[in-house]
Q: 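Below is a structure I'd like to ask you about.
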Amino acid sequence: MTEFGQLKVGVLGGTGPQGRGLALRWAKAGISVVLGSRAADRAETAAKELREAAGVEHVTGLDNAACAADSDIVLVAVPWDGHRELLESLRDELTGKIVIDCVNPLGFDKQGPFALAVEEGSAAQQAERVLPDSRVTAAFHHVSAVLLGDLSVEAVDIDVLVLGDDREATDTVRALADTIPGMRGVYGGRLRNAHQVEALTANLIAINKRYKAHAGLRITDV
């Protein structure tokens, strides 16, 4: 198990529901978290709210560049339409670091959500191409932001598929998932297989809409 006591986890897009929810759970688990946003004051406002919600002091808010520079592991939880531009701007700050991409390239029309075509194959592969000197992984695509943000839900009952080409990095990200009660990190293959994991989010959105639920995944026999 990776020891996270001395590590900082940065969350780019930390003021959005997914990034904020994961940051809250990690902070509650005792991990130092840095929220990133385009505006440092907005990030610090969100960080203050999380400190109060979790009853901790180890959550700070910075602009995206400072967040990336100050963190050891960085989660990318930003809207798809700004994904490439943001990562290109942070290439230097993310050099040598584990980057976790949880972005789902989705479109929406009258028939509901659908997966978008990505030139590189997936959001994670785009991150890998943009950040050649980072250790890019893909994970946390299917976790309900509603459940993450509700601390009355003591255990988030879900498996998190972790993909990547760097074994040590994927092991670290799996261990990071394991710090959240009820959650389990499961190795899900090489980064080239990230497309179908990202695209499956469209199916889960449809399931949740039909059944008024917060569905996730469980992997059997592992």
Q: Is Val34 isolated, or which residues cluster with it under the ILVMFWY side-chain rule of less than 4.5 Å, directly or via members?
A: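 Reading the cluster by chain and number, Val34 sits alongside Leu62.
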
Q: Step through the shown structure and confirm whether more than 12 heavy atoms of other residues, nucleotides or ligands are within 6.0 Å of CD on Gln6.
A: no

Q: For the pair Ser71 (side chain) and Gly10 (backbone), establish whether a donor and an acceptor sit closer than 3.5 Å, ignoring hydrogens and angles.
A: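 A pair under 3.5 Å: yes.
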
Q: Enter the distance from Leu204:CG to Ser144:OG here, rounded to the nearest 0.5 Å.
A: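 If we round to the nearest 0.5 Å, Leu204:CG and Ser144:OG are 10.5 Å apart.
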
Q: Sequence neighbours left out, what passes ring-ring contact (aromatic ring centres under 6.0 Å, His included) with His83? Give chain and number order.
A: Trp80

Q: Crowded around Gln196 CD? As in, over 12 foreign heavy atoms under 6.0 Å?
A: yes

Q: State the CZ-CD distance between Phe140 and Gln18, to the nearest 0.5 angstrom.
A: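 Answer rounded to 0.5 Å: 9.5 Å.
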
Q: Could you note down all residue pairs passing salt bridge (charged side-chain N to carboxylate O under 4.0 Å, His left out) where residues 94-108 supplies at least one of them, sequence neighbours left out?
A: none

Q: Ignoring hydrogens, what is the shortest heavy-atom contact between His58 and Ala27? Give both atom names and the distance.
A: NE2-O, 2.8 Å

Q: Can you list the residues that meet the side-chain hydrogen bond (donor to acceptor under 3.5 Å, both in side chains) rule with Asp165, with sequence neighbours excluded?
A: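 In terms of side-chain hydrogen bond (donor to acceptor under 3.5 Å, both in side chains), with neighbours along the sequence ignored, Asp165 is linked to no residue.
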
Q: Hey, what do you get for CD1 (Ile100) to OG1 (Thr172), rounding to the nearest 0.5 Å?
A: 9.0 Å

Q: State which residues pass side chain to side chain contact (heavy atoms under 4.5 Å, CB included) with Asp159; sequence neighbours excluded, sorted by chain then number.
A: Arg184, Val186, Arg218, Ile219

Q: Restricting to pairs with a member in residues 24-46, which pass salt bridge (charged side-chain N to carboxylate O under 4.0 Å, His left out), not counting sequence neighbours?
A: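 Non-adjacent pairs meeting salt bridge (charged side-chain N to carboxylate O under 4.0 Å, His left out): Glu44-Arg51.
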
Q: Return the set of residues passing side-chain hydrogen bond (donor to acceptor under 3.5 Å, both in side chains) with Thr170 (not counting sequence neighbours), or none when no residue passes.
A: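 For Thr170 there are no side-chain hydrogen bond (donor to acceptor under 3.5 Å, both in side chains) partners, ignoring immediate neighbours.
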
Q: To check you understand the geometry: which heavy-atom pair defines the closest contact between Gly13 and Asn64, and what is its length?
A: N-OD1, 4.2 Å

Q: Test your reading of the model: is there a side-chain donor-acceptor pair from Glu198 to the backbone of His141, 3.5 Å cut-off?
A: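 Judged by distance alone, no pair lies under 3.5 Å.
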
Q: List for me each residue that meets side chain to side chain contact (heavy atoms under 4.5 Å, CB included) alongside Arg210, sequence neighbours excluded, and say none if there are none.
A: none

Q: Can you confirm whether more than 12 heavy atoms, excluding those of Glu119, are under 6.0 Å from its CD atom?
A: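 Result for CD/Glu119: open.
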
Q: When you measure from the side chain of Ser122 to the backbone N and O of Gln125, does any donor-acceptor pair fall under 3.5 Å?
A: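 Here the side-chain-to-backbone pair exists.
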
Q: In Å and rounded to the nearest 0.5 Å, what is the OG to CG distance from Ser134 to Asp166?
A: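 Output value for this atom pair is 11.0 Å.
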
Q: Any link between Leu163 and Ile158 through a network of hydrophobic side chains (Ile, Leu, Val, Met, Phe, Trp, Tyr) touching at under 4.5 Å?
A: no

Q: Please report the closest heavy-atom contact between Ile180 and Val156, naming both atoms and the distance.
A: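 Of all heavy-atom pairs spanning Ile180 and Val156, the closest is CG2-CG2, 4.3 Å.
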
Q: Of all residues at least two apart in sequence or in a different chain, which pass the side-chain hydrogen bond (donor to acceptor under 3.5 Å, both in side chains) check with Lys8?
A: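 Partners of Lys8 by the side-chain hydrogen bond (donor to acceptor under 3.5 Å, both in side chains) criterion, ordered by chain and then number, come out as Asp70.
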
Q: Applying salt bridge (charged side-chain N to carboxylate O under 4.0 Å, His left out), name anything that partners Glu120, two or more places apart in sequence or on another chain.
A: Arg84

Q: Could you state the interatomic distance from OG1 (Thr137) to CG (Leu75), rounded to the nearest 0.5 Å?
A: 8.5 Å

Q: Determine the minimum heavy-atom distance between Arg91 and Pro132, stating which atoms define it.
A: NE-CD, 4.2 Å

Q: What closest approach, in Å, do Gly107 and Leu116 show between heavy atoms, and which atom pair accounts for it?
A: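 Where Gly107 meets Leu116 most closely, the heavy atoms are N-CG, 3.5 Å.
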
Q: Examine the side chains of Asn104 and Thr201 and answer whether a donor and an acceptor come within less than 3.5 Å of each other.
A: yes

Q: How would you list, by chain and number, every residue that makes a side-chain hydrogen bond (donor to acceptor under 3.5 Å, both in side chains) with Arg174, sequence neighbours excluded?
A: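 Checked Arg174 against side-chain hydrogen bond (donor to acceptor under 3.5 Å, both in side chains); matches are Asp171.
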
Q: How far apart are the closest heavy atoms of Ala139 and Val160, and which atoms are they?
A: CB-CG1, 4.0 Å

Q: What's in the same ILVMFWY side-chain cluster as Phe108, cut-off under 4.5 Å, chained through other members?
A: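 Same cluster as Phe108: Leu106, Ile205.
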
